[in-house]
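Worksheet: the structure to be examined is printed underneath.
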Amino acid sequence: MSESGIDESSPLWGGRFAEPLHPVIQTFTGSLEFDRRLVRHDLLASLAHARMLREQGVLESRAADPILVGLSEMLREIDAGELAVEGPDEDVHTWIERTLVERIGDPGKQLHTARSRNDQTGIALRLYTRARLEDVLSGVAGLQRELLEQASHHRETYLPGYTHLQRGQPVSLAHHLLAHVAALSQDAARLRAAHASAGVSPLGAGALAGSSFPIAPDRSATLLGLSSAFTNSMHAVADRDYVLDAAYACAMALVHVSRWADEIVLWSTREFGFVRLRDSVSQGSSIMPQKKNPEAAEILRGKSSRAIGNVAALLSLVKGLPLTYNSDLQEDKEPLFDSLDTADWSLAAAIAIARATEYEVAAMGEALSGGMLTATELADHLVRRGVPFRTAHEQVGAAVRVAEEQGVELWELPDDALRACCPEASEEVRSALQPAAAVAAHASPGGPAPAQVLTQLGAADRALVELEGWLQGREDPPILAAHREDRLLEMTL
Ligand code: ARG
């Protein structure tokens, strides 16, 4: 027994039980080991709950004030690293209540009025998820910023664009890098949608049926900086869409990062030679002294698979669960945490790798020759001179065969050979078949022509500035601001 008169090892719900919990079952069902990371967010939610109860007259100041002061002190000590979440408690929520009661005595026992661990877990997890999604979004923004910066220097660096991993048509390196930036913009949108879906407060849903006290769920939502509260108390405690939205958004971001990382691995090979990775992001071999391996990029590629697995784990966790809360839902946390951690960490690694990537412009240029990359230009030229595209395709195919036989570029084909295959071809087509000219000609919207790329760069930059502004403009929720300014008891809104 502690001084407060509470047996520290007894659960919150001990009243109706005659024998202690089996030790294996106790550890098996406990979640403190992994949900302790929710402590700050639960303390904030508990502050909002207590504050709302006081405003509604459900708790008198006599009980509410010591609760607010006690929780606030705990939050301060947690933030200062002076208080560790440890003990025999079932979960972090239980730990908070026990610690509070130990500190302030009987008033602490009133904190759980009109709430259940079901809505309590939900709100803490939602607040935590939003904070971590902001971290992941900062990573996405950081990687986009780096790639955008690189793209701006390479509007006139040319390389082959590939389909089927075969050289296809010439593009600029800027255009290529902007393709990755575009994928990351979709990730940012998905991550922000997940952030919004986590922004509905379940606090006040109780176990499943709300409360008989005159509570104000909208008020606690506002105090927590959330735009709305639940509309249905049963859905509020059963809903894990926000967990899945976040896990999926992380998985997609990592899939995109994985595709980019795969390219780094491929491009850093001797066979491609399009990039050189600085030593700071490369590793050696224990046996082959000459080796320099892109291991960080490989691990980055590998990390996405666990995020994909977490989405599958979460979907199968929720599928078939009856309304409302079921303890299975306790298993939502580790996959979600793993996805958020993995995304956050992988993006930091991706930014480091991107910054240590040097482009081998000469190798890219060399790859433009020998592959007849501008054969489509020749066909388009013939189309402009009245040849139906299918016929032009056929004629250019024959010209490609002849050029390959003679070991020359298309634009070097002798006149008679060119005209034998493509009777409508005119002399000026030769300059149009040069890679730079072909890229410049591809000035259709979203295409690789330098002017189009400039437009893309501008649009991508504006979207990124908006995202960076959104991240920087995130304000403390009112309850956190009041805690920081020590006016939890006086605050009015
Ligand atoms: N620790 C649980 C979880 O993580 C929350 C507790 C709800 N448990 C309960 N018996 N109502 O989901």
Side-chain angles (χ1 to χ4, degrees), residues 8-17 20-46 48-49 85-101 109 111-132 198 200-211 220 230 232-247 310 313-341:
E8 290 186 4
S9 61
S10 75
L12 290 176
W13 35 259
R16 59 115 55 227
F17 291 81
L21 200 54
H22 187 294
V24 170
I25 299 304
Q26 185 167 1
T27 49
F28 184 69
T29 55
S31 57
L32 184 67
E33 208 186 307
F34 52 82
D35 67 15
R36 56 161 59 97
R37 64 161 90 191
L38 302 179
V39 66
R40 290 193 73 252
H41 302 94
D42 191 325
L43 285 168
L44 279 179
S46 295
H49 179 66
V85 183
E86 280 164 2
D89 312 277
E90 196 177 317
D91 56 24
V92 66
H93 319 296
T94 317
W95 178 87
I96 287 175
E97 190 172 322
R98 174 178 66 80
T99 308
L100 181 70
V101 173
K109 296 180 187 170
L111 170 61
H112 213 54
T113 309
R115 109 176 155 174
S116 150
R117 266 185 304 160
N118 298 349
D119 54 345
Q120 186 182 359
T121 303
I123 185 63
L125 189 56
R126 283 171 182 266
L127 295 175
Y128 175 86
T129 300
R130 278 161 70 87
R132 296 305 314 282
V200 178
S201 175
L203 199 52
L208 79 158
S211 172
S220 37
F230 63 94
N232 178 295
S233 64
M234 294 178 76
H235 178 62
V237 293
D239 179 26
R240 288 297 181 275
D241 286 10
Y242 62 100
V243 172
L244 270 147
D245 291 344
N310 290 337
L314 288 164
L315 281 170
S316 63
L317 179 69
V318 181
K319 179 199 85 72
L321 277 189
L323 289 176
T324 55
Y325 180 84
N326 299 273
S327 287
D328 313 44
L329 292 177
Q330 181 165 289
E331 288 291 309
D332 62 355
K333 287 171 201 63
E334 287 165 294
L336 173 65
F337 295 163
D338 185 57
S339 290
L340 291 164
D341 291 348

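Numbering of ligands and ligand atoms starts at 1, following listing order.
- If you run side chain to side chain donor-acceptor pair (under 3.5 Å) between Ser46 and each of His112, His41, Glu97, Arg115, only Arg115 comes through.
- Within a 6.0 Å sphere centred on CZ of Phe28, heavy atoms belonging to other residues, nucleotides or ligands number 12 at most.
- Under a 4.0 Å criterion applied to the non-hydrogen atoms of Ser31, ligand 1 contributes the atoms 1 (N).
- Under the 4.0 Å criterion applied to side-chain N and carboxylate O atoms, Arg126 and Asp239 are assigned as salt-bridge partners.
- Considering backbone and side-chain atoms together, Ser327 places no N or O closer than 3.5 Å to any N or O of ligand 1.
- In this structure, atom 9 (C) of ligand 1 lies nearest to the protein heavy atom Asn118 OD1, 3.7 Å.
- Shortest contact from atom 5 (C) of ligand 1 to any protein heavy atom: Thr121 OG1, 3.0 Å.
- Listed by atom number, the atoms of ligand 1 under 4.0 Å from Gln330 heavy atoms are 1 (N), 2 (C), 3 (C), 4 (O), 12 (O).
- Tyr242 is not listed as a side-chain neighbour of Leu336, based on a closest heavy-atom distance of 4.5 Å or more.
- The pair Asp328-Lys319 does not meet the salt-bridge criterion, since no charged nitrogen lies less than 4.0 angstrom from a carboxylate oxygen.
- For atom 8 (N) of ligand 1, the closest non-hydrogen atom on the protein side is Tyr325 CE2, 3.7 Å.
- The side chain to side chain contact (heavy atoms under 4.5 Å, CB included) test with His93 singles out one residue from Ile96, Asp89, Asp91, and that residue is Asp91.
- Within ligand 1, counting atoms from 1 as listed, the ones closer than 4.0 Å to a heavy atom of Asp91 are 1 (N), 2 (C), 5 (C), 6 (C).
- One finds no salt bridge joining Lys333 and Glu33 here, because no Lys/Arg side-chain nitrogen approaches an Asp/Glu carboxylate oxygen to under 4.0 Å.
- In terms of protein heavy-atom proximity, atom 10 (N) of ligand 1 is closest to Arg117 NH2, 3.7 Å.
- Residue contacts with ligand 1 include Lys333, since one or more of its heavy atoms lies under 4.0 Å from the ligand.
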